[in-house]
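What you see is a predicted model; the values in this text were computed from it and never measured.
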Amino acid sequence: MGKGYKILFWLPRILAILAILFISMFALDAFQHGITLWQQIVAFLMHLVPSFILLAVLIIAWKRELLGGIIFLILGLGISPFVFLHNYQMNQSVWMSLGIISMITFPFVLVGVLFLVGHRPKKKQGTR
C-alpha cells in the first residue's frame with residue numbers, strides 16, 4: 001500500500017468526519033432560555049438527525065466506497081437547491097447563498113468524489 005493510496009484512503013474519511021462535526025454545530029441553537037431542560041435535549045437530538053444520517057452514510061462508505069461515494073454525491077447535489085432557495089429567501093443575495101452552499105453541501109460532494117476516486121485503484125487491483 002503506497003503513500004498515495006493511504007492518502008486517498010484517509011482523506012475522504014477525515015473530511016467527512018469534519019463536515020459532519022461542522023453540520024452538528026448547528027444543533028447547538030436548540031439550547032435557549034425559556035424552555036425546560038428536557039425540551040432542550042429533545043430539540044438538540046432532533047437537530048442532530050441530519051448528522052446521524054450522514055454518520056450512517058459514512059459507516060456505509062467506510063466499507064463500500066462506491067456505494068458511499070454515490071450516496072454522498074446524491075446527498076450533496078440533491079440538497080443544494082433546497083439550501084440555496086432557503087437562504088436566498090432569507091437574505092435575497094445570490095452570492096451569499098452560493099457561499100453557504102459551498103460551506104454546507106460542497107464538502108459532501110467532494111467527499112463523494114474522493115470515495116469514488118478511492119474506489120478505482122482497488123477495483124484495478126482486484127482486492128476488497
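- To the nearest 0.5 Å, atom CD of residue Q89 and atom CZ of residue F84 are 10.0 Å apart.
- Taking 4.5 Å as the limit, some side-chain heavy atom of D29 sits within range of a side-chain heavy atom of H47.
- A distance of 5.0 Å separates CD1 in I20 from CG in L58, rounded to the nearest 0.5 Å.
- One N or O on the side chain of Q39 and one on the backbone of T36 form a donor-acceptor pair closer than 3.5 Å.
- Interatomic distance, CH2 of W95 versus OH of Y88, reported as 12.5 Å (0.5 Å rounding).
- With sequence neighbours excluded, the residues forming a side chain to side chain donor-acceptor pair (under 3.5 Å) with S24 are S51, listed by chain and number.
- Note on I100: it clusters hydrophobically with V94, by side-chain heavy-atom contacts below 4.5 Å among ILVMFWY residues.
- Each of L45 and M25 belongs to its own hydrophobic cluster when Ile, Leu, Val, Met, Phe, Trp and Tyr are linked at side-chain heavy-atom distances under 4.5 angstrom.
- For CZ of F106, the number of neighbouring non-hydrogen atoms (other residues, nucleotides, ligands) closer than 6.0 Å is 12 at most.
- No side-chain donor-acceptor contact under 3.5 Å links Q40 to the backbone of A30.
- Taking 4.5 Å as the limit, some side-chain heavy atom of L28 sits within range of a side-chain heavy atom of F44.
- The side-chain hydrogen bond (donor to acceptor under 3.5 Å, both in side chains) pairs that include a residue from residues 69-80 are S80-T105, where partners are two or more places apart or lie in different chains.
- Interatomic distance, L66 CG to H119 NE2, rounded to the nearest 0.5 Å: 4.5 Å.
- Tested against V109 for a side-chain contact (heavy atoms from CB on, under 4.5 Å), the candidates L77, I74, I101, L114 yield a single pass: L77.
- Grouping the Ile, Leu, Val, Met, Phe, Trp and Tyr side chains by contacts below 4.5 angstrom, directly or via other members, places V111 with L67.
- Side-chain contact check for L54 versus L75: some heavy-atom pair is nearer than 4.5 Å.
- Side-chain heavy atoms closer than 4.5 Å link hydrophobic residues (I, L, V, M, F, W, Y) into clusters, and following such links, even through other members, never connects V42 to L48.
- A 4.5 Å side-chain heavy-atom check between E65 and R13 finds at least one atom pair inside the cut-off.
- To the nearest 0.5 Å, the span separating CG on L11 from NZ on K6 amounts to 15.0 Å.
- Classified by interplanar angle (parallel below 30°, tilted 30° to 60°, perpendicular above 60°), the ring pair F115/F72 is parallel.
- Using a 4.5 Å cut-off on side-chain heavy atoms (C-beta onward), F108 and L73 make no contact.
- Cluster annotation: I60 and I53 are assigned to distinct hydrophobic clusters (Ile/Leu/Val/Met/Phe/Trp/Tyr, side-chain heavy-atom contacts under 4.5 Å, transitive).
- For F22, the ring-ring contact (aromatic ring centres under 6.0 Å, His included) test picks out F26, with sequence neighbours left out.
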